[in-house]
Engineer: 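Have a look at this one before I ask anything.
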Amino acid sequence: MIRDARVLRAGFVPREVEHRDAEVNHLSSVLEPITNGEPADTAIVTGPSGVGKTCVSKFVTERLREEVLDVEATYVNCWRNYSRFRTLYQILDDIGATIDIHRQSTPHDELIDRLQQYDGPRTVVILDEVDQLEDPSLIYDLHSMEQFAVICIANKEEELFSRVDDRLVSRLRSSEHVRMDKYHNEQLYDILSARTKWGLENGVITDEQLYQIADAAAGDARLAIGMLRSAASTADRENHEEVTNDILRDAAEDARAQIKQKSLDSLTPHQRVVYDIIRDHGPLGPSEIHDRYTEAVDDPRTKRTVRTYLSKMAQYNLLEAEGTSRDREYSLVDSAAASPVS
Ligand SMILES: Nc1ncnc2c1ncn2[C@@H]1O[C@H](COP(=O)(O)OP(=O)(O)OP(=O)(O)O)[C@@H](O)[C@H]1O
């Protein structure tokens, strides 16, 4: 049943990116100077979850590395590595410059010095979930080092801009911006169809079922591929020749639950406190959330930062917001209300 399980994994970067030619070309043109040893501008890639931001960024940098010898690439998930130290360490580790760096005692400035001294090949640094960086001034530091070309990936540009100082905002505003929107059903169908062709034996899943998945995923390729993966793995485990409609229905729920769990696991300790407050006391408005959060932790972050937490959790379908900006209230998303496969 399963021909190649790799193509159904969440982080898989396909050989062909579907329906993103304009975005691929745009991003490639921003990075083009580094193929001639010149510095490249910073690129900002934004859009909701599952629209291919990471996939397109990795695809473009991989293609660049295929074309030219002297280009390297490094990828950091800034949600997982939200502190300045961890992001810097991750970049240095990827370029092989972490010798002598001690996690406990090395001053941050020394990490920046090391990056500044780096004289290896020009390197594309993909900062995914960059709006989660505790200290966004790191973007400025990297932006000013010519040997690095930076791709900043975020859900919403306003969220990124609201947390950085004016100097960085004006730099970022003049950077190249690649915006991506949710996929249409036909586009999701094409993405699923390509994965099916490479990943599964012929006849395991029908076109109609792929359209059902596309419809239920509502523009989110991550969810769509998650549903396909879950359906194929259940059918395989239970020795079915093909995916049945019952399996498909359960796969939709399973994929949503898995993605939700992954998002919950990604929350930083402070974000988790905020989430738990809303779970236990919601629906709540931002001020009350902040008051309760301030009481619950020793070193509370600012109101503005907590607002970005709320927005991030809403983007990742953990929270839903109701009301206008004046009377907005947050509560947990009711997973059972999500559109089913039918
Ligand atoms: N245009 C596309 N062609 C082929 N596969 C795609 C395309 N867009 C997305 N995918 C696949 O869908 C999945 C989700 O994409 P990706 O992780 O790039 O989304 P994202 O916008 O970065 O989401 P998030 O903000 O949640 O990280 C990945 O498995 C990716 O390979």
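Values below: every heavy atom of this structure, side chains too, minus hydrogens, waters and symmetry copies.
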Engineer: Would you tabulate the side-chain donor-acceptor contacts of residues 139-155 under 3.5 Å, counting partners in other chains and residues two or more places apart, or write 'none'?
Structural biologist:
residue: Asp141; atom: OD2; partner: Arg84; partner atom: NH1; Å: 3.2
residue: Asp141; atom: OD2; partner: Arg84; partner atom: NH2; Å: 2.6
residue: His143; atom: ND1; partner: Thr42; partner atom: OG1; Å: 2.6
residue: Ser144; atom: OG; partner: Tyr140; partner atom: O; Å: 3.1
residue: Ser144; atom: OG; partner: Asp141; partner atom: O; Å: 2.9
residue: Gln147; atom: NE2; partner: Leu115; partner atom: O; Å: 3.1
residue: Gln147; atom: NE2; partner: Gln116; partner atom: O; Å: 3.1
residue: Gln147; atom: NE2; partner: Tyr118; partner atom: O; Å: 3.4
residue: Asn155; atom: OD1; partner: Lys312; partner atom: NZ; Å: 2.7
residue: Asn155; atom: ND2; partner: Gly47; partner atom: O; Å: 3.2

Engineer: Can you tell me if Ser230 uses its side chain to pair, donor with acceptor, with the backbone of Met227 under 3.5 Å?
Structural biologist: no
Engineer: Restricting to side-chain contact (heavy atoms from CB on, under 4.5 Å), what partner residues turn up for Asp220, sequence neighbours left out?
Structural biologist: Ser49, Arg222, Leu223
Engineer: Would you say that Cys55 contacts Val17 through its side chain, given a criterion of any heavy-atom pair below 4.5 Å between the two side chains?
Structural biologist: yes
Engineer: Using every non-hydrogen atom in the two residues, find where Asp327 and Thr324 come nearest and quote the distance to one decimal.
Structural biologist: OD1-N, 2.9 Å
Engineer: Cut-off 3.5 Å, no hydrogens considered: what does the side-chain donor-acceptor table look like for residues 239-246, sequence neighbours left out?
Structural biologist:
residue: His240; atom: NE2; partner: Glu238; partner atom: OE1; Å: 3.4
residue: Thr244; atom: OG1; partner: Ile247; partner atom: N; Å: 3.1
residue: Asn245; atom: OD1; partner: Gln209; partner atom: NE2; Å: 3.0
residue: Asp246; atom: OD1; partner: Arg249; partner atom: NH1; Å: 3.0

Engineer: Is Lys156 close to Asp131 at the side-chain level, that is, under 4.5 Å between some pair of heavy atoms?
Structural biologist: no
Engineer: Tell me, please, which residues at least two apart from Tyr316 pass ring-ring contact (aromatic ring centres under 6.0 Å, His included).
Structural biologist: Trp79
Engineer: Considering all heavy atoms of both residues, which atom of Ala231 and which atom of Ala251 are nearest to each other, and what is their separation?
Structural biologist: N-CB, 3.5 Å
Engineer: If hydrophobic clusters are built from ILVMFWY residues whose side chains come within less than 4.5 Å, do Val45 and Tyr75 share one?
Structural biologist: yes
Engineer: Measuring from atom CG of Leu111 to atom CG of Leu88, what distance do you get when rounded to the nearest 0.5 angstrom?
Structural biologist: 5.0 Å
Engineer: Please determine whether residues Val68 and Phe59 belong to a single hydrophobic cluster, defined as Ile, Leu, Val, Met, Phe, Trp and Tyr linked transitively by side-chain heavy-atom distances below 4.5 Å.
Structural biologist: yes
Engineer: Look at Glu66 together with Arg15 and state whether they make a salt bridge at an N to O cut-off of under 4.0 Å.
Structural biologist: yes
Engineer: For residues 177-206, which residue pairs pass the salt bridge (charged side-chain N to carboxylate O under 4.0 Å, His left out) check, not counting sequence neighbours?
Structural biologist: Arg3-Glu201, Glu157-Arg179
Engineer: Answer whether the closest heavy-atom distance between the side chains of Arg9 and Arg6 falls below 4.5 Å.
Structural biologist: yes
Engineer: With distance as the sole test, does Arg122 use its side chain to make a donor-acceptor pair with the main-chain N or O of Gly37 at under 3.5 Å?
Structural biologist: yes
Engineer: Sequence neighbours left out, what passes side-chain contact (heavy atoms from CB on, under 4.5 Å) with Ser174? Give chain and number order.
Structural biologist: none
Engineer: Checking side-chain polar atoms at under 3.5 Å, does Gln271 have a donor or acceptor matched by the opposite partner on Gln132?
Structural biologist: yes
Engineer: Salt-bridged, Asp265 to Lys262, with N to O below 4.0 Å?
Structural biologist: no
Engineer: Would you check if Ser83 and Tyr89 make a side-chain contact, meaning some heavy-atom pair closer than 4.5 Å?
Structural biologist: no
Engineer: Side-chain heavy atoms under 4.5 angstrom apart, residues restricted to Ile, Leu, Val, Met, Phe, Trp, Tyr: same cluster for Val178 and Leu172?
Structural biologist: no
Engineer: Can you pull out every ring-ring contact (aromatic ring centres under 6.0 Å, His included) where at least one residue sits in residues 5-50? Sequence neighbours excluded, please.
Structural biologist: none
Engineer: Transitively linked via ILVMFWY side-chain contacts under 4.5 Å: Ile126 with Val51?
Structural biologist: yes
Engineer: Do Arg292 and Leu284 have side chains that approach each other closer than 4.5 Å (heavy atoms only, starting at C-beta)?
Structural biologist: yes
Engineer: Can you check side-chain contact (heavy atoms from CB on, under 4.5 Å) on Leu168 and Ser137, steps first, answer last?
Structural biologist: CA-CA 8 Å; Leu168 184 52; Ser137 69; 5.7 Å; no
Engineer: Between Met180 and Val24, is there a shared hydrophobic cluster once you connect ILVMFWY residues whose side-chain heavy atoms come closer than 4.5 Å?
Structural biologist: yes
Engineer: Would you say that more than 12 heavy atoms from the other residues, nucleotides or ligands in this model lie under 6.0 Å from the CG of Asp299, or not?
Structural biologist: yes
Engineer: Show every salt bridge (charged side-chain N to carboxylate O under 4.0 Å, His left out) that has at least one partner inside residues 51-65, sequence neighbours left out.
Structural biologist: Glu62-Arg65, Arg65-Glu72
Engineer: Report the residues that fulfil side-chain contact (heavy atoms from CB on, under 4.5 Å) with Ala194, sequence neighbours left out, ordered by chain and then residue number.
Structural biologist: Glu18
Engineer: Do side-chain atoms of Arg229 reach the backbone of Leu8 as a donor and acceptor pair under 3.5 angstrom?
Structural biologist: yes
Engineer: Quick one: does Leu228's side chain get under 4.5 Å of Leu210's, heavy atoms only?
Structural biologist: yes
Engineer: Could I get the full list of ring-ring contact (aromatic ring centres under 6.0 Å, His included) partners for Tyr211, not counting sequence neighbours?
Structural biologist: Tyr189
Engineer: Can you tell me how far the OG atom of Ser29 sits from the CD atom of Glu176, to the nearest 0.5 Å?
Structural biologist: 6.5 Å
Engineer: Can you find a pair of side-chain heavy atoms, one from Val130 and one from Pro136, that are under 4.5 Å apart?
Structural biologist: no
Engineer: Please give me the minimum heavy-atom distance between Thr61 and Ala73, naming the atom from each residue.
Structural biologist: CB-CB, 4.2 Å
Engineer: For the pair Ser175 (side chain) and Arg171 (backbone), establish whether a donor and an acceptor sit closer than 3.5 Å, ignoring hydrogens and angles.
Structural biologist: yes
Engineer: Looking only at non-hydrogen atoms, find the nearest pair between Asp4 and Trp198 and report the distance.
Structural biologist: CB-O, 3.6 Å
Engineer: I need the minimum non-hydrogen distance between Pro121 and Thr123, along with the two atoms involved.
Structural biologist: O-OG1, 3.0 Å
Engineer: For the CG atom of Asp215 and the CG atom of Leu188, what is their distance to the nearest 0.5 Å?
Structural biologist: 9.5 Å
Engineer: May I ask you to decide if Asn81's main-chain N or O and Thr87's side chain share a donor-acceptor pair within less than 3.5 Å?
Structural biologist: yes
Engineer: Should we count CD of Glu134 as having more than 12 external heavy atoms under 6.0 Å?
Structural biologist: yes
Engineer: With a 4.0 Å cut-off, would you call Arg80 and Glu129 a salt bridge?
Structural biologist: no
Engineer: Minimum heavy-atom separation for Met313 to Val274, with atom names?
Structural biologist: CE-CG1, 3.8 Å
Engineer: Would you give the length of the straight line joining atom CG of Leu319 to atom CG of Leu310, rounded to the nearest 0.5 angstrom?
Structural biologist: 6.5 Å
Engineer: Taking atom CG of Leu332 and atom CD1 of Ile278, what is their separation to the nearest 0.5 Å?
Structural biologist: 7.5 Å
Engineer: Keeping to residues at least two apart or across chains, list the ring-ring contact (aromatic ring centres under 6.0 Å, His included) pairs with something in residues 254-310.
Structural biologist: His270-Tyr293, His290-Tyr293
Engineer: Is there a side-chain contact between Thr234 and Arg237 (heavy atoms, below 4.5 Å)?
Structural biologist: yes
Engineer: Only pairs at least two apart or in different chains count here, so list each salt bridge (charged side-chain N to carboxylate O under 4.0 Å, His left out) that has a residue in residues 26-42.
Structural biologist: none
Engineer: Kindly compute the distance separating CG (Leu318) from OG (Ser263), expressed to the nearest 0.5 Å.
Structural biologist: 5.0 Å
